[in-house]
Amino acid sequence: MKPATAAKKLGVLLDATPAEFREGVVSRDELDALQADPPEWLRDLRRDGPHPRPVVADRLGVSISGLARAEITEPLTTEQITAIKDEQPEWLRHERNLRAETQREEARLRAEKAGKSEKAGKAGRPGSRPAR
């Protein structure tokens, strides 16, 4: 696979990886080996960054769209993420609340859908009689 794909699967920023990683091709076995026993450079990147947007968003507890609304477009280090968490700016509180609301609504819809499919499954069973 391309190095960009491998970096994405590893949760690291491609530009921060070593040149030999960026210039080569990563096989599925190599990716599995990197995940199972990460080399020092990968452990350092995962710990200290710079981190790609999905990782930054996850560590801050917001969506990627929330980062964009806050005009955070560059990769951030762990230190920068910690500083934002400590500062607790208004945008962070707002985006965390928005993400929580969205997750609650998605869970409600999944539960509703599961309930409907369960009812449909019972109604369609052979030998069952409709309620009168």
Worksheet entry | Sequence neighbours excluded - side-chain hydrogen bond (donor to acceptor under 3.5 Å, both in side chains) pairs with any residue from residues 2-14 | none
Practice prompt. Applying side-chain hydrogen bond (donor to acceptor under 3.5 Å, both in side chains), name anything that partners Q88, two or more places apart in sequence or on another chain.
Written response: none
Discussion item. Does F21 form a side-chain contact (heavy atoms from CB on, under 4.5 Å) with L10? I'd like the steps, not just the answer.
Written reply: CA-CA 12 Å; F21 180 86; L10 292 169; 4.1 Å; yes
Residues 31-43 side chain polar contacts: donor-acceptor under 3.5 Å, at least two apart:
from, atom 1, to, atom 2, distance (Å)
E40, OE1, R43, NH2, 2.6
R43, NH1, P38, O, 2.4

Worksheet item: Would you say I64 and L76 are hydrophobically clustered, going by side-chain heavy atoms of ILVMFWY under 4.5 Å?
Response: no
Worksheet item: Does atom CD of E79 have more than 12 heavy-atom neighbours, drawn from other residues, nucleotides or ligands, at distances under 6.0 Å?
Response: no
Worksheet item: Got a sec, which residues hit side-chain hydrogen bond (donor to acceptor under 3.5 Å, both in side chains) with Q80, two or more places apart in sequence or on another chain?
Response: T77
Practice prompt. Any pair with a residue in residues 92-102 that passes side-chain hydrogen bond (donor to acceptor under 3.5 Å, both in side chains), sequence neighbours left out, goes on the list, sorted by first then second residue, please.
Written response: R69-E95, E90-R93
Worksheet item: Is L92 close to V62 at the side-chain level, that is, under 4.5 Å between some pair of heavy atoms?
Response: yes
Exercise answer: donor-acceptor pairs, residues 50-60 side-chain atoms, under 3.5 Å, sequence neighbours excluded:
from, atom 1, to, atom 2, distance (Å)
H51, NE2, G49, N, 3.4
H51, NE2, R59, NH1, 3.1
H51, NE2, T78, OG1, 2.7
R59, NH1, T78, OG1, 3.1
R59, NH2, R46, O, 2.8

